Every structure is written in C-alpha cells, then in structure tokens.
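Worksheet: the structure to be examined is printed underneath.
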Amino acid sequence: MLLTVIAYAMIIVFMYVIMTKKLSPFTSLVMIPLLFAIIAMVAGVAKKGTIGDFVLKGLTTTANTGIMLLFAILYFSIMLDAGLFDPITARMIKIAKGDPMKVLMATAIVAMAVSLNGDGTTTTLICCSAFIPIYKKLNMNMMNLGVLIILQNTIMNLLPWGGPTARAMAVLKVDADILTYLLPGMILALAYVVFYVAPHMGRAERKRLGVRELTDEEIDEMTSVVDPEVSEIRRPNMFVFNGILTIVLIAWLVASSFIKVIAMPPLLLFLVGTCIALMANYPKLGDQSKRIGANGGDAVQVVILVFAAGVFMGLFQGTGMAEALAKSFTTIIPSSMAGFWGLVIALISAPGTFFLSNDGFYFGVMPVLATAGRAYGFTNMQMALASLMGQAFHLLSPLVAFIYLLLRLTGLDMGKWQREAGKYALGIFVIFVVTVMLFGHVPFYLPQK
C-alpha cells in the first residue's frame with residue numbers, strides 16, 4: 001500500500017515540476033525518481049536490489065535508442081548542411097504561395113506517409129528537416145508542426161510493426177488480423193487530423209498572418225542562401241546522390257520490418273549512412289570534423305535526455321513502483337463494472353500507457369486485466385483492441401525517447417506541447433473507442449450471468 005502511495009506521489013510531483021517548469025526535463029527524469037526510490041528503500045517497501053543496479057538495467061532499455069538517435073541526428077544534420085532539403089523547401093513554398101493552410105495540410109499528409117515505417121525518430125527527423133525551414137520563412141507557429149507530427153505518428157504507430165500492437169498480440173496471443181479491426185478507426189483518425197485539425201490550425205494562422213500571394217521573385221528571395229558560411233557547406237552538385245542515399249536508407253529501414261533476410265538494426269543503418277554522407281559530401285578530414293563538431297551538440301542534448309528516461313524507467317520499475325501502480329489500476333475497479341470491461345480496459349490504457357512504458361503496461365498490467373476479462377466473457381481479441389485505444393496519448397509521455405528530439409528541433413516547451421497536442425489526441429481516442437464499438441469489435445456491454 002505504501003509503495004503504491006509513493007508511486008502516485010512520484011508521478012504527481014514529476015508531472016508538476018515538468019508542467020510548471022520548476023525543473024528541466026533532464027533533471028526531472030533523474031532526480032525525481034531517485035528521490036522517491038530512496039524514500040521507498042528507506043521505508044523498506046522497495047524491491048530488493050541497489051539503486052545502481054536499477055539504473056543500469058534501465059539504461060540498457062534506452063541505450064540502443066540513444067545511440068541510434070545520435071547517428072540519425074548526425075545523418076540528417078549533414079543532409080541539411082549539404083542542402084538536400086533546399087529544393088524541396090522551395091518547391092513546397094511555391095505550391096503553398098504564402099498560404100499557411102496548404103503548408104499545414106501538407107505537413108499532416110507527409111507526417112502520415114513517413115510514419116508508415118512505425119518509427120517516431122525517423123518521422124520526426126524527416127518532417128522537421130523538410131518543414132522547419134518553411135515554417136520559419138513563413139513565420140508560422142512551430143507548435144502546429146510539433147502537434148501534427150505526433151498526432152499522425154500516434155495513429156500510424158498502431159501498425160503491427162510499430163510496437164504497441166505487437167506487444168498486445170504477444171501478450172494476448174492474437175493474430176495479425178487485429179489490423180483489420182483497427183483500420184477503420186485509424187483511417188477516420190487520419191482523416192480527422194488531415195481534414196479537421198490541420199485546417200483548424202490553418203484558419204488560425206490565416207487570421208494571424210493573412211494570406212498573400214508571393215511572387216516568384218519573393219519566393220526566390222525567401223529560399224535563396226545569402227549567408228556565405230552556409231553557402232560554403234552546401235553541396236548542390238550532390239543533390240541526386242544524397243537523395244538516393246536517403247531514400248535507400250529509409251526504404252531499407254521500412255523493409256527491415258517485413259523482410260528478415262535484409263533486416264538491419266536502425267542503429268547500424270544510420271551509422272553507415274552517416275559515414276557515407278560524410279565521405280561523399282566532405283571528403284577532407286578537416287571538413288568532416290567541423291560538421292561533426294557543429295552538429296554534435298544538438299545530438300548530445302537529445303541523447304542525454306534518452307538516457308535520463310532510462311534512469312527514470314530503471315528506478316520506477318526496479319523499486320517496484322511501476323508494479324504497484326499497475327496493480328492499483330486493477331484493484332480500484334468495482335466488480336459491478338464487469339459487463340463494461342472492454343470500455344474499462346480502453347479507459348485504463350490511456351493513463352496506463354502514458355505513465356508506464358509500453359512494456360510495463362502490456363507485460364505488467366494487461367495479463368491481470370485479461371485474466372479478469374476472460375472470466376467476464378470477453379475474448380482476447382476484444383481486450384487486445386481495447387488495450388490499444390490509449391495509444392492516442394502514449395506518445396505524449398515523457399518516457400517516450402524521441403519526443404525530446406521533436407521538442408529540441410522545434411524549440412517547444414514540453415508542458416505547452418503536451419496540453420496543445422492532448423486536446424487533439426482526445427479526439428483520436430474518442431474516434432478509436434467509438435469505431436471499435438460501433439463496428440462490434442469490442443462490445444460496449446456484456447450481460448453477466
């Protein structure tokens with residue numbers, strides 16, 4: 001009981017200092033769980049083990065992601081330096097002709113397409129590389145970019161190779177045909193973002209910025225590079241090579257989810273891609289060192305946050321606080337709710353996947369919920385579907401590594417971004433729940449004997 005109270009207290013304090021900006025995300029992720037882990041150990045309610053062991057175990061869960069992010073950021077930073085995205089930016093500005101509505105809808109569509117690979121890091125890097133220059137040149141609100149990227153990736157993350165669906169399939173032993181049940185809600189949610197959220201943002205931007213037809217001369221002036229230092233590192237003659245290299249890299253990343261023969265870990269792909277990009281664009285060793293030095297700072301700032309998230313997870317799970325929190329989810333539900341168990345799982349999955357990692361929720365909480373659900377007459381498929389509804393909020397969690405990359409690139413404050421994205425994520429959650437219930441995939445109520 002005491003450990004459960006400590007777990008809830010830690011979550012409340014952590015969210016408070018993040019939302020009110022009393023501490024930075026980095027210090028919050030390390031110091032808050034450390035403080036409460038010490039309290040739990042002094043009180044004698046923590047699991048056996050040492051703080052050092054807990055931290056090291058947590059770091060192993062984020063090490064691959066952190067190293068992959070390091071090379072992924074370096075790769076796309078080199079592509080930006082070389083000017084790969086300059087023609088793309090110029091072309092999109094010409095199509096938009098100063099209309100923020102068109103830019104925002106293009107953002108939603110591109111984020112949806114890129115998210116097909118199920119990897120939030122790649123989606124963030126590609127979309128930010130392509131759109132941040134456009135948003136800056138048109139003086140558009142960067143918050144909209146950060147929100148649209150995360151919303152589309154949230155929806156596409158339900159694809160079986162995205163992560164949470166694979167975990168639900170493994171725990172509840174259901175087949176890949178779960179995707180056919182998820183697709184109607186996913187399609188409606190994608191349409192909601194493209195045809196409601198993006199235009200809604202666009203109307204606000206039109207009101208703030210106005211819509212003016214940019215002439216070809218103004219567009220050329222807006223997209224031309226005038227800084228001599230920037231011009232010096234551009235490699236326009238390498239555009240075709242860099243484009244092919246990037247397409248091959250992304251295609252290989254996606255294909256690795258389907259074709260096991262050519263599967264390579266993203267870490268290795270970005271590592272090799274970074275080496276090739278450096279050698280091809282900056283053959284002089286001095287230039288290579290300058291590019292790594294110029295872009296290394298941004299990469300390190302993101303990577304240390306990923307490792308800090310590993311410390312958080314290690315202490316939270318190692319001390320038993322995560323398990324105590326999971327059990328509390330199941331014990332506070334009255335037996336009178338048995339007939340609504342599908343809805344109960346859907347509602348629990350929202351805070352469950354926000355405050356716990358996907359592994360913690362699906363391997364820790366769901367087995368308990370599923371055992372009760374089967375006794376109430378619910379099938380494994382119904383409970384697997386219900387458990388995925390809360391994914392609408394999962395990517396807003398401070399435990400998701402790649403959001404620190406998104407926040408770093410866009411310069412957004414985590415608390416403000418969470419609040420802004422959360423109100424639209426609620427719409428996605430409602431679409432998910434209503435769709436699976438209207439189609440009869442998860443019953444709203446099962447009469448109990």
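Just so it is clear, the structure is predicted and the values come from calculations on it, not from any experiment.
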Rounding to 0.5 Å, atoms CD1 (I12) and CZ (F355) come to a distance of 8.5 Å
Hey, could you give me the CG/CD distance between L138 and E205, rounded to the nearest 0.5 Å? 9.5 Å
On a heavy-atom basis, which atom in D99 and which in R206 lie closest, and how many Å separate them? OD2-NH2, 2.7 Å
May I ask you to check whether Y362 and T353 show a side-chain donor-acceptor distance below 3.5 Å? no
Looking at P398 and I403, what are the two nearest heavy atoms and their distance? CA-CD1, 4.0 Å
Working note: M105 + F195, criterion side-chain contact (heavy atoms from CB on, under 4.5 Å); need CA distance, chi angles, decisive distance, verdict. CA-CA 8 Å; M105 292 190 74; F195 298 111; 4.0 Å; yes
Passing option when Q152 is tested against V194, V147, T107 for side chain to side chain contact (heavy atoms under 4.5 Å, CB included): V194
Please indicate whether M31 has more than 12 foreign heavy atoms, meaning atoms of other residues, nucleotides or ligands, lying under 6.0 Å from its CE. no
Between S115 and A111, the two heavy atoms sitting closest are OG-O, 2.7 Å
For the backbone of L396 and the side chain of Q418, can you confirm whether one donor and one acceptor N or O come within less than 3.5 Å of each other? yes
Taking ring pair (Phe, Tyr, Trp, His ring centres under 6.0 Å) as the definition, give me every residue that meets it alongside Y192, ordered by chain and number, with sequence neighbours left out. Y196
After noting the C-alpha distance and the side-chain angles of L84 and R235, does the key distance pass the side-chain contact (heavy atoms from CB on, under 4.5 Å) rule? CA-CA 8 Å; L84 173 64; R235 298 291 185 269; over 6 Å; no
Check whether any side-chain N or O of N281 sits under 3.5 Å from a backbone N or O of A277 as a donor-acceptor pair, and report yes or no. yes
Evaluate the side-chain proximity of H394 to F354: yes if any heavy-atom separation is below 4.5 Å, no if none is. no
Are L409 and L125 side-chain neighbours, meaning at least one heavy-atom pair lies under 4.5 Å? yes
Going by distance alone, is a donor N or O of one side chain under 3.5 Å from an acceptor N or O of the other, for T154 and N157? no
Sequence-distant partners of I262, side chain to side chain contact (heavy atoms under 4.5 Å, CB included), two or more places apart: W252, A255, I259
E420 and N144: side chain donor to acceptor below 3.5 Å: no
Is the shortest heavy-atom distance from the side chain of F54 to the side chain of L34 under 4.5 Å? no
Just wondering, do M112 and V193 contact through their side chains at under 4.5 Å, heavy atoms? no
I'd like to check the ring pair (Phe, Tyr, Trp, His ring centres under 6.0 Å) partners of F71; sequence neighbours left out, ordered by chain and number. none
Would you please name every residue forming a ring pair (Phe, Tyr, Trp, His ring centres under 6.0 Å) with F14, sequence neighbours left out? F312
Minimum heavy-atom separation for I149 to C127, with atom names? CD1-CB, 3.6 Å
Find out whether M201 and M143 are in side-chain contact, i.e. whether some heavy atom of one side chain is under 4.5 Å from a heavy atom of the other. no
To the nearest 0.5 Å, tell me how far L249 CG sits from F76 CZ. 6.5 Å
Gap between atom CG of N295 and atom CD1 of I292 - 0.5 Å precision: 9.0 Å
Tell me if a side-chain donor or acceptor on Y404 pairs with a main-chain N or O of I304 at a distance below 3.5 Å. no
Determine whether L104 and Y135 satisfy the following criterion, side-chain contact (heavy atoms from CB on, under 4.5 Å), listing intermediate values before the conclusion. CA-CA 9 Å; L104 286 160; Y135 278 61; 3.3 Å; yes
Qualifying ring-ring contact (aromatic ring centres under 6.0 Å, His included) pairs, either residue in residues 414-440, two or more places apart: F393-F429, F439-H441
Nearest atoms (heavy-atom pairs only) where L158 meets L388: CD2-O, 4.0 Å
State whether the side chain of N380 and the backbone N or O of L172 hold a donor-acceptor pair below 3.5 Å, judged by distance alone. yes
I428 side chain reached by M186 side chain, heavy atoms, under 4.5 Å: no
Going by heavy atoms in the side chains, are V103 and M140 under 4.5 Å from each other? yes
Between T124 and N153, is any pair of side-chain heavy atoms under 4.5 Å apart? no
Among all residues two or more places apart in sequence or in another chain, which pass the ring pair (Phe, Tyr, Trp, His ring centres under 6.0 Å) test with F239? none
When rounded to the nearest 0.5 angstrom, what is the spacing between CG in L145 and CG in L412? 8.0 Å
Could you walk me through whether K47 and T319 pass the side-chain contact (heavy atoms from CB on, under 4.5 Å) check? CA-CA 5 Å; K47 282 185 173 181; T319 55; 5.9 Å; no
Nearest heavy-atom pair of N358 and Q391: which atoms, and what distance? OD1-NE2, 3.0 Å
Distance from T274 atom OG1 to L271 atom CG, nearest 0.5 Å? 6.5 Å
